[in-house]
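Heads up: the structure comes next, in structure tokens.
Values below: all heavy atoms of this structure, side chains included; hydrogens, waters and symmetry mates excluded. Residues take their numbers from the sequence shown, with the count starting at 1.
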Amino acid sequence: MASYRNRVVQLYKNLLYLGRDYPKGYDYFRTRLKTSFMKHKDVTDAAELDVLLARGQYIIKELEALYMLKKYRTLKKRYYSE
């Protein structure tokens, strides 16, 4: 169980770090993240924890894709006239 705790804490820290540039603001992202983690705080089943951790990794990839798209659009606006 200790390894799951470490993985969950690391996932939470990674998501907080990625939430700094969230379009609706860091406070909005942080409150939603905390609510989501607190909703699942009593989960102890290993299989269910694996599913939740996989979902968290998916959200990390989606946030990274969102930020890359934002950077791409900014560069496109900067160098190409519409």
Side-chain angles (χ1 to χ4, degrees):
M1 252 342 178
S3 67
Y4 280 112
R5 177 172 168 69
N6 292 339
R7 290 171 55 191
V8 169
V9 169
Q10 188 62 40
L11 177 68
Y12 188 78
K13 286 181 179 180
N14 287 342
L15 285 168
L16 272 180
Y17 179 77
L18 287 173
R20 294 176 306 151
D21 298 326
Y22 195 71
K24 288 190 175 182
Y26 180 69
D27 291 331
Y28 173 82
F29 185 84
R30 187 181 53 187
T31 56
R32 295 283 306 257
L33 179 67
K34 184 176 181 181
T35 304
S36 176
F37 270 76
M38 293 304 286
K39 185 170 76 173
H40 298 292
K41 71 179 181 179
D42 296 328
V43 175
T44 56
D45 183 34
E48 193 171 349
L49 280 171
D50 287 332
V51 169
L52 291 171
L53 287 169
R55 185 183 305 162
Q57 292 299 324
Y58 174 76
I59 291 171
I60 285 176
K61 290 185 189 308
E62 288 293 317
L63 283 172
E64 288 172 347
L66 175 72
Y67 298 151
M68 294 302 280
L69 183 61
K70 181 180 173 184
K71 287 180 184 179
Y72 170 76
R73 286 181 176 164
T74 302
L75 285 173
K76 189 175 176 184
K77 281 184 189 177
R78 196 171 291 164
Y79 292 109
Y80 298 105
S81 61
E82 303 228 359

Nearest 0.5 Å, what's the [atom1]-[atom2] distance between [X] and [Y]?
X: N14; Y: I60; atom1: CG; atom2: CD1; result: 5.0 Å
X: K24; Y: T31; atom1: NZ; atom2: OG1; result: 10.5 Å
X: Y26; Y: L16; atom1: OH; atom2: CG; result: 4.5 Å
X: R55; Y: E62; atom1: CZ; atom2: CD; result: 13.0 Å
X: D45; Y: L52; atom1: CG; atom2: CG; result: 10.0 Å
X: R30; Y: L33; atom1: CZ; atom2: CG; result: 10.0 Å

**OP:** Please identify each residue that fulfils salt bridge (Lys or Arg N to Asp or Glu O under 4.0 Å) with D42, with sequence neighbours left out.
**Re:** none

Original post:
Between V43 and V51, is there a shared hydrophobic cluster once you connect ILVMFWY residues whose side-chain heavy atoms come closer than 4.5 Å?
Top reply: no

Original post:
Taking a hydrophobic cluster as the set of Ile, Leu, Val, Met, Phe, Trp and Tyr residues connected by side-chain heavy atoms closer than 4.5 Å, whether directly or through intermediates, do L11 and L66 fall within one such cluster?
Top reply: yes

Subject >> side-chain contact (heavy atoms from CB on, under 4.5 Å) assessment of L75 paired with K70 >> reply: CA-CA 9 Å; L75 285 173; K70 181 180 173 184; over 6 Å; no

Decide yes or no for [X] and [Y]: does some side-chain heavy atom of the first lie under 4.5 Å from some side-chain heavy atom of the second?
X: T74; Y: K71; answer: no
X: L63; Y: F29; answer: yes
X: R32; Y: T35; answer: no

Subject >> Shortest non-hydrogen separation from G56 to L15 and the atoms involved >> reply: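 Reported closest heavy-atom pair: O-CD2, 4.5 Å.
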
**OP:** Grab the two heavy atoms, one from L18 and one from Y67, that are nearest each other, plus how far apart they are.
**Re:** O-OH, 2.5 Å

Original post:
Checking R20 against Y17: charged group under 6.0 Å from the ring centre and within 45 degrees of the axis?
Top reply: yes

